[in-house]
Trainee: 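If you scroll down you'll find the structure; I have some questions about it.
Everything numeric in this text was worked out from a predicted model, so none of it was measured. Residue numbering restarts at 1 for every chain, and letters A, B, ... go by the order of the sequence lines.
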Amino acid sequence: MALKLYNTLTRDKVDFTPIDPQNVRLYVCGPTVYDLAHIGNARPVIVFDLLFRLLRHLYGASRVTYVRNITDVDDKINARAARDFPGLALNEAIRKVTSDTEAQFQADADALMTLRPTLQPRATEHIAEMVEIIEKLIASGHAYVAEGHVLFDVPSMPDYGALSRRPLDDMIAGARVDVAPYKRGDMDFVLWKPSSDEEPGWPSPWGRGRPGWHLECSAMSWKHLGETFDIHGGGIDLVFPHHENEVAQTRCAFGHDVMANIWMHNGFLQVEGEKMSKSLGNFLTIRDLLADWPGEVLRFTMMKTHYRQPIDWTVKSLEESWKTLDDWYWLAGDVAGSRPAEAVIEALSDDLNTPKTIAELHALRNAAQRADGAVHLDLFAGSLRFLGLLQETPSAWAARRKASAAVDVARVEALIAARLAARNARDWAESDRIRDELTALGLVLKDAKDPVTGELKTTWEPAR
RNA sequence: GGCCUCGUGGCGGAGUGGUCACGCAGCGGACUGCAAAUCCGUGUACUCCGGUUCGAAUCCGGACGAGGCCUCCA
């Protein structure tokens with residue numbers, strides 16, 4: 001089955017045809033590194049990792065280029081640096097903020113079992129490309145210089161607003177944008193702005209300054225993927241103004257009708273039915289969640305909802321995910337798996353239909369459980385690993401549960417041994433008393449007979 | 001105010017113009033000394049009102065409700 005993707009540009013699902021099947025090119029907006037990434041930031045990281053894996057499967061691992069940028073120049077970074085490191089020179093403080101935040105982001109992304117993108121370019125390493133784009137825009141009449149700023153001349157682009165479907169007239173009518181006196185048009189946006197001596201800046205034909213918000217993505221996608229490429233992704237909130245302005249810059253600079261053929265946007269996330277915000281106190285960083293939940297549980301929870309739908313992020317959903325993954329580890333945790341099942345690839349190929357994909361996993365799991373299920377078990381494990389699940393050893397996975405219980409392991413093991421002795425003596429009262437004691441500690445026992453020897457064996461884990 | 005998305009069973013969550021999503025929970029059974037785990041089986045649905053149609057939860061229109069963007073934001 002052909003890969004189908006929903007294209008924000010045309011608002012419909014289309015067959016994906018790469019410009020060059022030998023080099024399929026994907027660009028995703030990465031983090032602005034000024035603060036810890038939150039669970040909402042994890043969504044595009046996971047969603048586009050799944051797309052990256054699927055593209056590698058369909059076109060070959062070496063034939064997909066996935067670029068996810070690191071934006072390390074931004075006024076939010078400057079503000080954070082000044083706040084957190086008042087003793088340091090600003091540039092040094094900025095470097096500290098960006099390198100610390102970037103390292104934490106990489107650790108978070110790894111813990112979510114995502115593959116590293118092919119390239120993770122930094123904005124500050126592409127100032128020359130940004131300047132070049134601005135020069136092209138000025139030369140072609142799409143940008144102008146005013147009081148040390150360079151601005152994009154929005155009315156110079158007749159079909160500005162096509163991606164977000166906002167006719168220019170409407171936007172101006174309801175404009176809440178910053179109306180600076182040097183702007184020719186209300187919607188014009190900054191490409192380059194002057195920096196004071198204390199602010200970070202780079203030399204340019206328009207004086208020492210720094211780039212506007214949208215320019216870094218135009219510069220980095222151009223440098224690493226070319227003037228036009230296949231897929232551009234990001235959160236739905238970026239459609240306007242960020243992606244709209246990126247499109248304007250890139251298309252006007254290089255004179256093409258399109259920047260990326262397909263634009264994909266993931267939906268938003270709520271926490272326990274409410275908008276996530278610092279003021280509500282429900283702001284969940286990835287790092288904090290990883291303290292309580294395995295990364296695979298976060299990843300799987302994200303996969304339970306289609307990427308374009310809103311997710312309500314709840315503890316209940318996380319607990320269900322953990323339970324499901326426990327079962328899958330129990331059944332297939334030590335199976336290597338040779339390849340993903342075709343049904344999984346098909347489900348994923350339908351615009352990354354992860355809920356359908358999960359239904360296929362359940363079907364494989366149930367088939368593997370039956371007699372002569374070896375083939376299914378191989379495909380089941382292969383599918384899970386393909387999707388970035390089942391990445392730990394079964395024992396490491398099981399240990400996570402036990403680690404979350406504050407109990408004396410040696411004492412628990414001793415009690416279980418005593419119970420086993422009581423059971424072998426058919427002393428049910430004593431056996432049940434010990435089980436009650438362990439239940440009171442918040443533990444659940446599972447008895448099993450060894451299928452070969454018939455020997456009784458008891459395992460334990462914290463109740464949830 | 002402008003633009004956009006969405007409304008499915010107790011909960012989560014896909015999909016489709018006319019037989020099943022799937023998972024969790026529940027219920028019944030097997031297994032068990034009793035449980036837990038596991039296995040087998042099982043009920044409940046498509047916000048409302050019109051329209052198109054032989055037939056709509058699925059298409060069209062309207063109402064109501066929820067969310068998002070328009071300002072930093074995944």
Trainee: Taking the P atom in each of B:U38 and B:A21, what is the distance between them to the nearest angstrom?
Mentor: 24 Å

Trainee: If we take the C1' atom in both B:U58 and B:C46, what is their distance in whole Å?
Mentor: 9 Å

Trainee: Contact class for A:L269 (heavy atom, under 4.0 Å): base, sugar-phosphate, or nothing?
Mentor: base

Trainee: Can you check the distance between B:A14 and B:G62, where both ends of the measurement are the P atom (answer in whole Å)?
Mentor: 26 Å

Trainee: Should A:F268 be counted as stacked on B:A74, where stacking needs a ring-centre gap under 5.5 Å and an angle between planes under 30 degrees?
Mentor: yes

Trainee: Given the P atoms of B:A45 and B:C22, what is the spacing between them in whole Å?
Mentor: 15 Å

Trainee: Taking atom P of B:C22 as reference, at what distance in whole Å does atom CZ of A:R365 sit?
Mentor: 15 Å

Trainee: Between A:K4 (NZ) and B:G15 (P), how many Å, whole number?
Mentor: 13 Å

Trainee: Can you tell me, in whole Å, how much space there is between the P of B:A25 and that of B:C11?
Mentor: 16 Å

Trainee: By a strict heavy-atom criterion of less than 4.0 Å, which residues belonging to residues 34-53 of chain A are in contact with RNA chain B?
Mentor: A:H38, A:G40, A:N41, A:P44

Trainee: Could you state the CD1-P distance from A:I77 to B:C72, rounded to the nearest angstrom?
Mentor: 15 Å

Trainee: Could you tell me how far B:C60 sits from B:G43 if I compare only their P atoms? Round to whole Å.
Mentor: 32 Å

Trainee: Considering only the C1' atoms, how many Å lie between B:G50 and B:A56, rounded to the nearest integer?
Mentor: 13 Å

Trainee: Measure all distances between protein nitrogen or oxygen atoms and nitrogen or oxygen atoms of nucleotides 10-14 of chain B, and list the pairs falling under 3.5 Å.
Mentor:
residue	atom	partner	partner atom	Å
B:C11	O2'	A:K316	NZ	3.1
B:A14	OP1	A:H306	N	2.8
B:A14	O3'	A:N353	ND2	3.3
B:A14	O2'	A:N353	ND2	3.3

Trainee: Let me confirm one number: the OG-CG distance from A:S431 to A:L445, rounded to the nearest 0.5 Å.
Mentor: 9.0 Å

Trainee: When rounded to the nearest 0.5 angstrom, what is the spacing between CD1 in A:I46 and CG in A:L112?
Mentor: 4.5 Å

Trainee: Once you apply a heavy-atom cut-off of 4.0 Å, does A:R68 come out as touching a base, just sugar-phosphate, or nothing?
Mentor: nothing

Trainee: Assert yes or no for the condition that the ring centre distance of A:H149 to A:W192 is strictly below 6.0 Å.
Mentor: no

Trainee: Applying ring pair (Phe, Tyr, Trp, His ring centres under 6.0 Å), name anything that partners A:F189, two or more places apart in sequence or on another chain.
Mentor: A:F152, A:H214

Trainee: Determine the Euclidean distance between corresponding P atoms of B:U42 and B:U47; express it in Å to zero decimal places.
Mentor: 26 Å

Trainee: Does the side chain of A:T314 pick up a donor-acceptor pair with the side chain of A:E272 at under 3.5 Å?
Mentor: no

Trainee: Starting at atom NE2 of A:H362, determine the distance to atom P of B:A21, rounded to an integer number of angstrom.
Mentor: 15 Å

Trainee: Taking atom types as modelled, find out whether A:Q120 and A:E102 have a side-chain donor-acceptor pair closer than 3.5 angstrom.
Mentor: no

Trainee: Hey, would you say the A:H265 and A:H232 ring centroids sit under 6.0 Å apart?
Mentor: no

Trainee: Could you tell me if A:T118 and A:T65 have a donor-acceptor pair between their side chains, going purely by distance under 3.5 Å?
Mentor: no

Trainee: Going 5' to 3' along nucleotides 29-37 of chain B, which nucleotides have protein heavy atoms under 4.0 Å from the base (write B), which only from the sugar-phosphate (write S), and which from neither (write -)?
Mentor: ----BBBBS

Trainee: Does A:K356 form a salt bridge (Lys or Arg N to Asp or Glu O under 4.0 Å) with A:E346? I'd like the steps, not just the answer.
Mentor: CA-CA 9 Å; A:K356 180 85 189 326; A:E346 277 199 25; over 6 Å; no

Trainee: For the residue pair A:I358 and A:F300, establish whether any side-chain heavy-atom pair is separated by less than 4.5 Å.
Mentor: yes

Trainee: For A:N245 and A:Y160, does a side-chain donor sit closer than 3.5 Å to a side-chain acceptor?
Mentor: yes

Trainee: I need the NE2-C1' distance between A:H242 and B:A74, as an integer number of Å.
Mentor: 11 Å

Trainee: Does the ring centre of A:W328 sit less than 6.0 Å away from the ring centre of A:H362?
Mentor: yes

Trainee: Give A:N424 one of three labels, base, sugar-phosphate or nothing, depending on what nucleic acid heavy atoms sit under 4.0 Å from its own.
Mentor: nothing

Trainee: Rounded off to whole Å, could you give me the CE-to-C1' distance for the A:M276 and B:G67 pair?
Mentor: 15 Å

Trainee: Atom CG of A:D350 and atom P of B:A21: how far apart are they, to the nearest Å?
Mentor: 19 Å

Trainee: Verify the distance criterion only: is there a donor paired with an acceptor across the side chains of A:D288 and A:T285 at less than 3.5 Å?
Mentor: yes

Trainee: When all nucleic acid strands are considered with a 4.0 Å heavy-atom cut-off, which category describes A:L238: base, sugar-phosphate, or nothing?
Mentor: sugar-phosphate

Trainee: Both atom distances under 3.5 Å, Watson-Crick or G-U wobble: I'd like the secondary structure of RNA chain B as a dot-bracket string, with | for pairs made across strands.
Mentor: (((((((..(((.....[...))).(((((.......)))))....(((((..]....))))))))))))....

Trainee: Do the side-chain N and O atoms of A:Y34 and A:N78 include a donor-acceptor pair separated by under 3.5 angstrom?
Mentor: no

Trainee: Taking only residues two or more places apart in sequence, or in another chain, which ones meet A:W293 in a ring pair (Phe, Tyr, Trp, His ring centres under 6.0 Å)?
Mentor: A:W322

